[in-house]
Amino acid sequence: EEITSVVFEEECAFLYDYAQKNFVVKNYQIVVERMERVMEIDSGYADGAAMLLLMETYHELEEAEKAESLYQTIKNEYPDTEVSQRATQIMTGQEE
């Protein structure tokens, strides 16, 4: 069990890093694929940052229902955090 935990943590870290790089260059489909895998392993990975990245990607892809669903989850599970504040900025068009 301990080995599995370490392997999953390393996999999530790799996938998250790879997805962030692809988000920057607008390879959104890769981001979705990688972040959905991270969410399967650990939906709260990086204290909600992975969920935020997936939400932002869906927002960019104009998949409003998926983005809104993740936004609501972030607001419920990570209230009063930077992740929640950033999610609100994205969803309300008040991005910096």
Side-chain angles (χ1 to χ4, degrees):
E1 192 171 301
E2 186 175 323
I3 292 171
T4 301
S5 176
V6 170
V7 169
F8 281 161
E9 182 66 28
E10 288 177 2
E11 182 178 4
C12 285
F14 172 79
L15 293 170
Y16 181 69
D17 182 59
Y18 189 71
Q20 285 181 306
K21 290 173 182 171
N22 277 278
F23 183 86
V24 171
V25 295
K26 302 182 185 213
N27 287 334
Y28 297 132
Q29 196 54 44
I30 290 173
V31 177
V32 168
E33 291 168 6
R34 298 315 187 267
M35 288 296 80
E36 285 181 347
R37 175 66 180 137
V38 169
M39 299 296 288
E40 288 173 10
I41 296 169
D42 180 0
S43 63
Y45 182 75
D47 296 324
M51 193 179 305
L52 175 64
L53 180 57
L54 184 56
M55 184 212 79
E56 187 170 10
T57 303
Y58 283 138
H59 181 75
E60 290 295 324
L61 290 170
E62 298 181 358
E63 294 189 34
E65 287 181 29
K66 290 179 180 180
E68 181 63 31
S69 176
L70 287 170
Y71 174 63
Q72 291 305 321
T73 301
I74 290 168
K75 295 301 287 180
N76 290 333
E77 294 184 15
Y78 303 96
D80 305 318
T81 64
E82 287 183 33
V83 167
S84 181
Q85 291 171 1
R86 177 75 180 130
T88 297
Q89 289 173 341
I90 293 164
M91 294 300 287
T92 60
Q94 298 174 355
E95 300 171 73
E96 296 175 1

As a quick check of understanding, evaluate side-chain contact (heavy atoms from CB on, under 4.5 Å) for Arg37 and Glu33, giving each step before the final call. CA-CA 6 Å; Arg37 175 66 180 137; Glu33 291 168 6; over 6 Å; no
Please list every donor-acceptor pair under 3.5 Å in which a side-chain atom of residues 12-20 meets a protein atom from a residue at least two apart or in another chain.
{"residue": "Tyr16", "atom": "OH", "partner": "Gln20", "partner atom": "NE2", "Å": "3.2"}
{"residue": "Asp17", "atom": "OD2", "partner": "Lys21", "partner atom": "NZ", "Å": "3.0"}

In Å and rounded to the nearest 0.5 Å, what is the [atom1] to [atom2] distance from [X] to [Y]?
X	Y	atom1	atom2	result
Met35	Tyr28	CE	OH	15.0 Å
Leu53	Met51	CG	CE	12.0 Å
Met91	Met55	CE	CE	5.5 Å

Please give me the minimum heavy-atom distance between Ala87 and Ile74, naming the atom from each residue.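 Shortest heavy-atom separation between Ala87 and Ile74 comes out as CB-CG2, 4.1 Å.
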Of the non-hydrogen atoms in Gly48 and Val83, which two are nearest, and what is the gap between them?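 So the minimum-distance heavy-atom pair works out to O-CG1, 3.6 Å.
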Can you establish whether the number of heavy atoms outside Asn76 located under 6.0 Å from its atom CG is more than 12?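 Yes - once you tally the heavy atoms of other residues, nucleotides and ligands closer than 6.0 Å, there are more than 12.
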Considering residues, nucleotides and ligands other than Glu82, do more than 12 of their heavy atoms fall under 6.0 Å from its CD?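 Atom CD in Glu82 is not packed in, count stays at 12 or less.
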Can you check side-chain contact (heavy atoms from CB on, under 4.5 Å) on Phe23 and Thr57, steps first, answer last? CA-CA 7 Å; Phe23 183 86; Thr57 303; 3.4 Å; yes
I'd like to check the side-chain contact (heavy atoms from CB on, under 4.5 Å) partners of Ser43; sequence neighbours left out, ordered by chain and number.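 Listed in chain order: Met39.
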Could you check Asn22 against Gln29 for side-chain contact (heavy atoms from CB on, under 4.5 Å), going step by step and ending with a plain yes or no? CA-CA 9 Å; Asn22 277 278; Gln29 196 54 44; over 6 Å; no
Would you indicate whether the side-chain heavy atoms of Tyr78 and Thr73 approach each other to under 4.5 Å?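 Thr73 vs Tyr78: side chains apart.
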Please answer: with hydrophobic residues joined when any side-chain heavy atoms are less than 4.5 Å apart, are Ile30 and Leu61 in the same cluster?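 Result: no, two separate clusters.
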Salt bridge or not for Lys26 and Glu60, using N-O below 4.0 Å?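 Salt bridge: no.
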Result of checking Ile90, Leu70, Leu54 against His59 for side chain to side chain contact (heavy atoms under 4.5 Å, CB included):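 Filter result, single survivor: Ile90.
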Return each pair, listed once, that meets salt bridge (charged side-chain N to carboxylate O under 4.0 Å, His left out) where at least one residue sits in residues 64-73; pairs must be two or more places apart or across chains.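 Those involving residues 64-73 are Glu63-Lys66.
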